[in-house]
Amino acid sequence: PAAVTTPAPSATTLLCELTREVQATAEHVVPWCLGQMPPMYFQDTSAEAVREHLRAIIAAKASGSSLDITLRSKDGREVTSIRPGNRVGVLAEIVGGLPMEPSLRAAKIHASADGAIVLDTFEFGERVAFNPKDAAQSARVDAALRWAREHGLDWNEAEVRAYAANAPADYIATLTPLRLSKHLSLFQRVSGSDGTEVELEPEAEPTHSRITIAFSNARTRTMLERCGQVLSRGASNIQRAYLDQVADPPHGSVTLLGFVIQTQDGRSVDASGAAWKQVEHDLTRVKWVDSESVELANRHPGMSIDDGELVLGLCTLAHQRLVHRDRLLYSVERIVATAERSMPVVSKVLALFRDRFDPKAPAAPADVDRRIAARRTEIGTKDDPDGTAVILGSLLDAVAAAFRTNYFLPRRFGLAIRLDPSYLRDDRRPELPYGTFFVFGRGFFGFHNRFKEIARGGLRVVQPATP
């Protein structure tokens, strides 16, 4: 018998069915968008961009696809990421997937009120500079100055206009006078430096708080990712976020990051609480901490970023001491892996270091000696074919050999330790310096050895062929 063939549906039938499905989805999504996306999303986003976002969301929902969407402009200079669920850490993950070049010039992050989606828009390349001769742009600055006078603020008009002249046009176009006031103040505090300023303030919505951070001369993409990591460590849900950059001639530029957040239990941030103090400290330091230190701390719940840096610093010191015994057994990668594998012991070594140099209440020398002896007993020396005891012993010896450190300085640019010079002395280095200093930071480490209390010298920089 002849095969039975099913006739193809008519175009009219298919169009009607698809239209009904898309329309039904749109009738649900559009009201949801208007009701759940924050007002600032519609203020920050053009009407055409809103329609583009809606078309993408409607298409995904109508087809039953995952709401994991990336939209790119034709010139590739704008990327929009739409992800389901505003969970802790999602911003850092998204930013981590962005290219390093061209430079990230602006970012706008918005989460829906019900937490269903987070919609992030990133712009790359050069922005159009503010033009004071443009009537519309100049009117924005005039309006801000009027607002300041009406509210009794003592603004310096010349400073405000100079700030606007060094800013992007779209930044000035969307900035409220209140934000301009806050940003200008932070800008002036970091201008001409390599510093960081962090400010926490309440939002109009009582369950939200706003964090504004100013970084002088920092990579925009790197800072957005790192701040996202710090906030995820603090269990903060990011509701909105912004990134902008203002020129700071002749010094460079200032990157401004704003985050509107709430705690995981839906509350505003307690400005007097220990959790915020730690987040504030980490945000202040994160520009100068090696990314490996942040990643190591993230792998160990409860470990601070400062301690992640300290672990890597001590491991680097141990490597310099042990590498000539066996380059493979005591490679820096194996030393770090051993430290991470032995974290119960290493955490006690870190606590000993902190307690010994605590500027408020340093541990007594007798207590330090007792704890060092206890750790040596815990580490042991027998049956050590993989070098674990030698590595852990060298980490402990580094703490015992430390004389001074800048570990507790809140705005330090790296970790520095003055050491007993005998820590590094061996057959290859028989001479004993008067003083040995070790420094460790973002992408570098080094030593300063001097042979008198006052000594002149030079700087030797070794740039590895590989990272």
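Taking the side chain to side chain contact (heavy atoms under 4.5 Å, CB included) definition, one finds that Arg442 meets it with Thr222, Met223, Arg226, Lys287, sequence neighbours left out. Remark: Phe124 pairs with no residue by the ring pair (Phe, Tyr, Trp, His ring centres under 6.0 Å) rule, at least two apart or across chains. Scored by the side chain to side chain contact (heavy atoms under 4.5 Å, CB included) test, Ala173 finds no partners at all (sequence neighbours excluded). With sequence neighbours excluded, no residue forms a ring pair (Phe, Tyr, Trp, His ring centres under 6.0 Å) with Phe445. Partners of Arg299 by salt bridge (Lys or Arg N to Asp or Glu O under 4.0 Å), not counting sequence neighbours, listed by chain and number: Glu340. With sequence neighbours excluded, the residues satisfying salt bridge (Lys or Arg N to Asp or Glu O under 4.0 Å) with Glu123 are Arg105. Applying the side chain to side chain contact (heavy atoms under 4.5 Å, CB included) criterion to Ala416, with sequence neighbours excluded, gives Asn406, Val439. The salt bridge (Lys or Arg N to Asp or Glu O under 4.0 Å) check on Asp154 picks up nothing, with sequence neighbours excluded. Applying the salt bridge (Lys or Arg N to Asp or Glu O under 4.0 Å) rule to Arg450 yields no partners; only residues at least two apart in sequence or on another chain are considered.
Every pair passing ring pair (Phe, Tyr, Trp, His ring centres under 6.0 Å) that includes a residue from residues 246-301 is listed here, sequence neighbours excluded: Trp288-Phe413. Screening residues 130-142 for salt bridge (charged side-chain N to carboxylate O under 4.0 Å, His left out), with sequence neighbours left out, gives Asp142-Arg161.
A salt bridge links Arg376 with Asp397: at least one charged nitrogen is closer than 4.0 Å to a carboxylate oxygen. Between Arg285 and Glu309, at least one side-chain N (NZ, or NE/NH1/NH2) sits under 4.0 Å from a carboxylate O, which counts as a salt bridge. Salt-bridge formation is detected for the pair Asp367/Arg371: a Lys NZ or Arg NE/NH1/NH2 atom is positioned less than 4.0 Å from an Asp or Glu carboxylate oxygen. Salt bridge Asp306/Arg412: present, at least one basic N to carboxylate O contact under 4.0 Å.
Side chains of Thr196 and Val190 form no contact here, defined as non-hydrogen atoms less than 4.5 Å apart. For the pair Phe130/Asn166, no side-chain contact is recorded, criterion being any heavy-atom separation below 4.5 Å from C-beta on. Counting heavy atoms from C-beta on, the side chains of Arg267 and His208 never come closer than 4.5 Å. No side-chain heavy atom of Leu91 sits under 4.5 Å from any side-chain heavy atom of Val118. Looking only at side-chain heavy atoms (C-beta outward), Phe403 and Leu419 stay at 4.5 Å or farther from each other. By the 4.5 Å heavy-atom criterion applied to side chains, Thr212 and Arg210 are counted as neighbours. Contact annotation: the side chain of Ser112 never approaches that of Asn86 to less than 4.5 Å [non-hydrogen atoms, C-beta and beyond]. The closest side-chain heavy-atom distance from Leu200 to Ser209 is below 4.5 Å.
Distance check: Leu186 CG to Ile213 CD1 gives 9.5 Å after rounding to the nearest 0.5 Å. How far CD of Gln278 is from CG of Leu283: 10.0 Å, rounded to the nearest 0.5 Å. The distance from the CH2 atom of Trp147 to the OG1 atom of Thr176 is 7.5 Å, given to the nearest 0.5 Å.
Between the side chain of Asp120 and the backbone N or O of Ala107, no donor-acceptor pair lies under 3.5 Å. No side-chain donor-acceptor contact under 3.5 Å links Arg354 to the backbone of Phe408. With Asp307 contributing its side chain and Leu310 its backbone, the two residues share no donor-acceptor pair below 3.5 Å. Within the 3.5 Å criterion, the main-chain N or O of Phe122 finds no donor-acceptor partner in the side chain of Arg77. A donor-acceptor pair under 3.5 Å is formed between the side chain of Asp290 and the backbone N or O of Gly443. The main-chain N or O of Val95 is found under 3.5 Å from a side-chain atom of Arg221 such that the two form a donor-acceptor pair. Side-chain atoms of Thr220 come within 3.5 Å of backbone N or O of Leu104 as a donor-acceptor pair. Using a distance-only test at 3.5 Å, with no hydrogens or angles considered, a donor-acceptor pair links the side chain of Thr284 to the main chain of Glu280. Remark: side-chain polar atoms of Asn217 are paired, donor with acceptor, to backbone N or O of Ser253 under 3.5 angstrom. No donor-acceptor pair closer than 3.5 Å links the side chain of Asn131 to the backbone N or O of Gln137.
Of the options Phe437, Phe438, Tyr423, a ring-ring contact (aromatic ring centres under 6.0 Å, His included) to Phe447 is made by Phe438 and by none of the others.
For CD of Glu101, the number of neighbouring non-hydrogen atoms (other residues, nucleotides, ligands) closer than 6.0 Å is greater than 12. No more than 12 heavy atoms of other residues, nucleotides or ligands shown are found within 6.0 angstrom of CD on Glu292. The neighbour count for Arg55 CZ, taken as heavy atoms of other residues, nucleotides or ligands under 6.0 Å away, is above 12.
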Just do the salt bridge (charged side-chain N to carboxylate O under 4.0 Å, His left out) check on Arg189 and Glu199 with the steps written out, would you? CA-CA 12 Å; Arg189 283 152 59 185; Glu199 193 171 86; 3.5 Å; yes
Show, in sequence, the C-alpha distance, side-chain angles and deciding distance for Ser191 and Asp248, and conclude whether the side chain to side chain donor-acceptor pair (under 3.5 Å) test is met. CA-CA 7 Å; Ser191 173; Asp248 182 24; 2.9 Å; yes
What's the verdict on side chain to side chain donor-acceptor pair (under 3.5 Å) for Thr207 and Glu205, showing C-alpha distance, side-chain angles and the deciding distance? CA-CA 6 Å; Thr207 61; Glu205 171 59 49; 3.2 Å; yes
From CA spacing to verdict: side chain to side chain donor-acceptor pair (under 3.5 Å), Ser66, Asp68: CA-CA 5 Å; Ser66 170; Asp68 192 339; 4.9 Å; no
Please evaluate residues Glu93 and Arg83 with respect to the criterion salt bridge (charged side-chain N to carboxylate O under 4.0 Å, His left out), reporting the C-alpha separation (whole Å), side-chain torsions for both, the decisive distance (0.1 Å), and the verdict. CA-CA 11 Å; Glu93 291 178 12; Arg83 297 288 183 271; over 6 Å; no
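Ring centroid separation for the pair Trp32 and His28 does not come in under the 6.0 Å cut-off. Taking the six-membered ring for Trp and the full ring otherwise, Tyr163 and Phe187 have centroids separated by under 6.0 Å.
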All N/O donor-acceptor pairs, side-chain side in residues 37-44, below 3.5 Å, sequence neighbours left out:
residue: Tyr41; atom: OH; partner: His53; partner atom: ND1; Å: 2.7
residue: Asp44; atom: OD2; partner: His110; partner atom: NE2; Å: 3.0
residue: Asp44; atom: OD2; partner: Tyr242; partner atom: OH; Å: 3.0

